[in-house]
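The chains referred to below are lettered A, B, ... by the order of the sequence lines, with proteins before strands, and numbering in each begins at 1.
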Number of protein chains: 2
Amino acid sequence: MNTSSRFVVAIHVLAAMALDSDKPLKSERLSRSVNTNAVVIRRILGLLRAAGLVVSQAGPDGGFRLARESRAISLLDIYQAVEEGELFHMHYSEPSCDCPIGAYVQDSLGQVFKDADTAMKKVLRGQTLATVTREILQRSGISEKLDEGWTIDELHRHFSFESGRLVLKKT
Amino acid sequence: MNTSSRFVVAIHVLAAMALDSDKPLKSERLSRSVNTNAVVIRRILGLLRAAGLVVSQAGPDGGFRLARESRAISLLDIYQAVEEGELFHMHYSEPSCDCPIGAYVQDSLGQVFKDADTAMKKVLRGQTLATVTREILQRSGISEKLDEGWTIDELHRHFSFESGRLVLKKT
DNA sequence: CCTTTCTGTAAGCAGGATCGTTACAGATCT
DNA sequence: AGATCTGTAACGATCCTGCTTACAGAAAGG
């Protein structure tokens, strides 16, 4: 029982876009960061675009960018964009079985499964893409700049994502 | 984003054993109730036995029975017996990536993912196998006996699971 | 002791999901 | 027109499930 890697990859590329929001990011560049094929990235970004989380543009200087600011994108938004279906599913063999157990087990479990699903989603709803990028900045050595008087929001604005690496922009 | 059918099947067969706790139930009989192959049932019951939820006995008049009473078996016990691993997993391509995003995204998400997993499990911990069988009895028409003055616990004791069907025992 | 009746597993097959890859149509800018 | 992207189809490899057959071993009863 585990989700596909789409969820983590989606968070990864969205974090990259949030950290470098000035220009559109190309799928080929993102794929190098994730270490996979560009088509895989475009497939996942297609799901995110369908969910209204990113916008894309073809042609030179094209690419992907966030459709809204990162603090307005929850992890639940991302989860629901790339994963589908319920956490638990009932479909085993054939629900049509003579004994009442088969008939009523599924009804009896429906509410519990829904509650568990809701509890999991509530946690994801409480975290945003901005939460993730903020923590990335804190965990990376670059947030040592904080000790030099920089605010983390300043770092956020002056960060760039060059050739697969997070670097400070030349200002 | 969904569990295997093992979880629901495990609950199904455990409910059958709880509803008919007098004698051991054979895998072939349980497989008819679930509408699948007996080996599939034995595989799942093997996991439940390894988790200490059921005991088995070979030979004539053998079969499976609960290792402890149904109110002492939570849905989380069952879940952890048949499902493995974390709800979300991080392993995409190669974690070894030059940019800090790849390095720190996983660390940043670790706590959130763990929280979501815990929240889901907390719901499952709140329900027991006895909760399920009680609801099955209520939902099946047989609980109309309640209107005749029977307590649901009396029904619980006088129920039997004969040839793939829930029936009242001849007392 | 031998037969019957079970569990316990291994092995092989089919189906579906996921991921990587190649290929190419279409959009967009210069 | 040509270069540079996205969007998507198609195919193969791999893995996980679940179904089935097959058989070894345990337990009970003659």
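Using a 4.0 Å cut-off, some side-chain N or O of A:Ser56 falls inside it from OP1 or OP2 of D:dG7. Neither OP1 nor OP2 of D:dG18 sits under 4.0 Å from any side-chain N or O of B:Arg42. Residue A:Ser5 places none of its side-chain N or O atoms closer than 4.0 Å to OP1 or OP2 of C:dT18. Considering only side-chain N and O atoms, B:Ser4 lies nowhere under 4.0 angstrom from the phosphate OP1 or OP2 of D:dT17. At least one side-chain nitrogen or oxygen of A:Arg6 sits closer than 4.0 Å to the OP1 or OP2 atom of C:dT18. The side chain of A:Gln57 contributes an N or O atom lying less than 4.0 Å from OP1 or OP2 of C:dC29. For the OP1/OP2 pair of D:dT6 and a distance below 4.0 Å, the side-chain nitrogens and oxygens of A:Ser27 include at least one atom meeting the criterion.
A donor atom on one side chain and an acceptor atom on the other are found under 3.5 Å apart for A:Ser4 and A:Glu83. In summary, the side chains of B:Ser27 and B:Arg42 do present a donor paired with an acceptor at a separation below 3.5 Å, with no hydrogens or angles considered. Between the side chains of A:His89 and B:Ser5, not a single donor N or O lies within less than 3.5 Å of an accepting N or O. No side-chain N or O of B:Asp115 forms a donor-acceptor pair with one of B:Thr118 less than 3.5 Å apart.
Picking from D:dG7, C:dT21, D:dA28 the nucleotide with the shortest atom distance to the side chain of A:Asn37 gives C:dT21. Proximity note for A:Val39 (side chain, C-beta onward) versus C:dG20, C:dT22, C:dC6: the nearest is C:dT22.
Aromatic ring orientation, B:Phe88 versus A:Phe7: tilted (interplanar angle from 30° to 60°).
A straight line from CD1 of A:Ile44 to C1' of D:dT6 spans 15 Å, rounded to a whole angstrom. Between A:Leu30 atom CG and D:dC5 atom P the separation is 12 Å, expressed in whole Å. Between the P atom of C:dG8 and the CD1 atom of B:Ile41 lies a distance of 13 Å, rounded to the nearest Å. For the pair A:Lys23 NZ and C:dT28 P, the computed distance is 22 Å after rounding to whole Å. Remark: C1' of D:dC15 and NE2 of B:His89 are 11 Å apart, rounded to the nearest angstrom. Here C:dT18 presents its P atom at 15 Å from CZ of A:Phe7, a figure rounded to the nearest Å. Taking atom CG of residue B:Leu45 and atom P of nucleotide C:dT9, one finds them 12 Å apart after rounding to whole Å. When rounded to the nearest whole Å, the span between CG of B:Leu47 and C1' of D:dT17 equals 13 Å.
Within the 4.0 angstrom heavy-atom criterion, no nucleotide atom of any strand lies near A:Asp61. Within the nucleic acid shown, B:Glu28 has no heavy atom closer than 4.0 Å to any nucleic acid atom.
You'll find a donor-acceptor pair under 3.5 Å spanning the side chain of A:Arg43 and the base of C:dG20, going by distance alone.
Using a 4.0 Å cut-off between a side-chain N of Lys or Arg and a carboxylate O of Asp or Glu, B:Lys122 and B:Asp117 do not qualify as a salt bridge.
Nearest-nucleotide positions on DNA chain D for B:Val40 and A:Lys26 put A:Lys26 closer to the 5' end.
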